[in-house]
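Step one of this worksheet: look at the structure below.
Every chain is numbered from 1, with letters handed out A, B, ... down the list of sequences.
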2 protein chains.
Amino acid sequence: MNVKYIEKLRNSGLRPTKQRLQICDVLFETKKTFHFTIYDLAKKIQKQTNFDISLATIYNTVHAFEKKGYLKQIPINTNQTYFDTNITDHHHFFDLKEEKLIDLDDCDVGPINIKKKINGKKIKSVEVLVKLED
Amino acid sequence: MNVKYIEKLRNSGLRPTKQRLQICDVLFETKKTFHFTIYDLAKKIQKQTNFDISLATIYNTVHAFEKKGYLKQIPINTNQTYFDTNITDHHHFFDLKEEKLIDLDDCDVGPINIKKKINGKKIKSVEVLVKLED
DNA sequence: ACACTTTTTTAGAATCATTATAAACTAAAA
DNA sequence: TTTTAGTTTATAATGATTCTAAAAAAGTGT
Ligand SMILES: [Mn+2]
Ligand SMILES: [Mn+2]
Ligand SMILES: [Zn+2]
Ligand SMILES: [Zn+2]
């Protein structure tokens with residue numbers, strides 16, 4: 001069960017520690033992908049686990065995973081940073097009342113063609129954020 | 001010169017104080033619209049003015065103007081909040097290296113048609129963020 | 001198993017953008 | 001002018017995030 005994460009971590013040059021494997025389990029061992037803040041994740045880990053992981057380690061691990069491309073950061077203006085376990089190119093609804101992110105499939109949004117070019121720069125990502133109100 | 005801002009503020013239920021008029025001057029008395037952080041704005045005010053405005057007032061005023069729709073907040077993940085004096089519907093490049101926002105005209109991005117609907121919610125805004133790298 | 005190196009974890013402190021407080025001030029209303 | 005409500009400001013508080021440095025764990029070679 002853990003073997004795949006041990007491999008994944010090793011292949012990324014990250015040592016498969018108890019903490020990282022636990023975090024992998026919480027993040028990736030689910031049917032559905034999800035959006036979370038560091039605080040959300042810390043709570044989820046506490047619920048699913050006996051041993052606590054320090055907040056510093058959670059921050060470190062999430063950033064390491066983001067750098068490796070196993071997590072994405074969602075650009076949104078809130079006091080906390082949102083992450084996404086869905087690393088495919090996709091867009092989001094943001095429910096302003098509930099402060100919840102909802103995935104939009106690519107087919108929910110037409111293809112986006114950016115006509116403007118900036119000299120010497122290339123496009124890294126194109127993300128649509130649709131804010132929802134009641 | 002200030003008369004139009006005095007009117008604008010009065011019509012918004014905001015008293016036209018010396019500070020607010022000064023901030024209006026810095027924000028809206030320019031040919032081109034621009035993007036800024038609170039820190040940027042504070043520096044700009046210092047340069048253009050003799051009397052200093054307290055940081056608290058700058059925060060209060062920017063938020064008041066945002067609430068009235070005279071400024072927009074740009075959804076982006078940085079340690080500071082970005083605002084925009086261009087309140088028309090438009091999208092952005094974000095130059096990751098320079099940490100600078102660049103406007104995209106509506107014609108630079110095709111029309112975006114969100115097909116998915118969420119029960120009881122309506123779309124407030126649709127914003128595209130295009131990240132640029134070298 | 002053991003010695004040695006490198007990476008990781010962690011508690012706690014530091015940072016820093018933003019927000020709250022509450023007293024002094026100012027604009028508008030009566 | 002007096003009163004009222006709104007505004008400014010210095011200062012403190014908040015809170016998410018990052019930093020620090022020491023202890024622990026993992027990997028490597030023998
Ligand atoms: Mn990050
Ligand atoms: Mn705001
Ligand atoms: Zn998502
Ligand atoms: Zn803009």
Contacts satisfying salt bridge (Lys or Arg N to Asp or Glu O under 4.0 Å) that involve residues 120-134 of chain A (not counting sequence neighbours) are A/Lys97-A/Asp134, A/Lys121-B/Asp95, A/Lys121-B/Asp134, A/Glu127-B/Lys131, A/Lys131-B/Glu127, A/Asp134-B/Lys121

Of all residues at least two apart in sequence or in a different chain, which pass the side chain to side chain contact (heavy atoms under 4.5 Å, CB included) check with A/Asp52?
A/Gln46

Rounded to whole Å, CZ of A/Phe36 lies from P of D/dT17 at a distance of 11 Å

Holding to side chain to side chain contact (heavy atoms under 4.5 Å, CB included), I want the full list of residues that pass it with B/Asp40, two or more places apart in sequence or in another chain.
B/Phe36, B/Thr37

In whole angstrom, what separates A/Ile58's CD1 from C/dG12's C1'?
16 Å

Is the shortest side-chain N/O distance from A/Arg10 to OP1 or OP2 of D/dA26 below 4.0 Å?
no

Output every pair passing side-chain hydrogen bond (donor to acceptor under 3.5 Å, both in side chains) with a member in residues 16-27 of chain B, not counting sequence neighbours, ordered by first then second residue.
B/Gln22-B/Thr49

Could you give the distance from CZ (A/Phe94) to CD1 (A/Ile76), rounded to the nearest 0.5 Å?
3.5 Å

Expressed as a whole number of angstroms, how long is the span from A/Glu66:CD to D/dT18:C1'?
15 Å

Helix axis bend for the helix from C/dA1-D/dT30 to C/dA30-D/dT1 - C1'-based end axes, five pairs, 10° rounding
30°

How close or far is atom C1' of C/dT26 from atom CD1 of B/Ile6, stated in whole angstroms?
15 Å

Residues forming a side chain to side chain contact (heavy atoms under 4.5 Å, CB included) with A/Ile123, sequence neighbours excluded:
A/Ile114, A/Val126, B/Val130, B/Leu132

Residue list, side chain to side chain contact (heavy atoms under 4.5 Å, CB included) with A/Asp105, at least two apart or on another chain:
A/Cys107, A/Asp108

Length of the CG-P vector between A/Asp40 and D/dT17, whole Å
11 Å

Whole-Å distance, A/Ile45 CD1 to C/dT9 P, equals 11 Å

Pick out the pairs of N or O atoms, protein on one side and nucleotides 15-18 of chain C on the other, that lie under 3.5 Å.
residue, atom, partner, partner atom, Å
C/dT18, OP1, B/Thr81, N, 2.9
C/dT18, OP1, B/Thr81, OG1, 2.7
C/dT18, OP2, B/Tyr59, OH, 2.7
C/dT18, O5', B/Tyr59, OH, 3.3

Return a single string for nucleotides 2-9 of chain D, one symbol per nucleotide in 5' to 3' order, where B is base contact, S is sugar-phosphate-only contact and - is none, cutoff 4.0 angstrom on heavy atoms.
---BSSSB

Apply the hydrophobic cluster definition, ILVMFWY joined by side-chain contacts under 4.5 Å directly or through others, and give me every member besides A/Tyr39.
none

Tell me every residue that passes side chain to side chain donor-acceptor pair (under 3.5 Å) with A/Ser12, counting only those two or more places apart in sequence or in another chain.
A/Tyr70

Apart from B/Ile87 itself, what residues make up its hydrophobic cluster when side-chain heavy atoms of I, L, V, M, F, W and Y under 4.5 Å apart count as a link, directly or indirectly?
none

Rounded to whole angstroms, how far apart are CG on B/Leu9 and P on C/dT26?
18 Å

Flag for B/Asn86-B/His35: side-chain donor and acceptor within less than 3.5 Å:
no

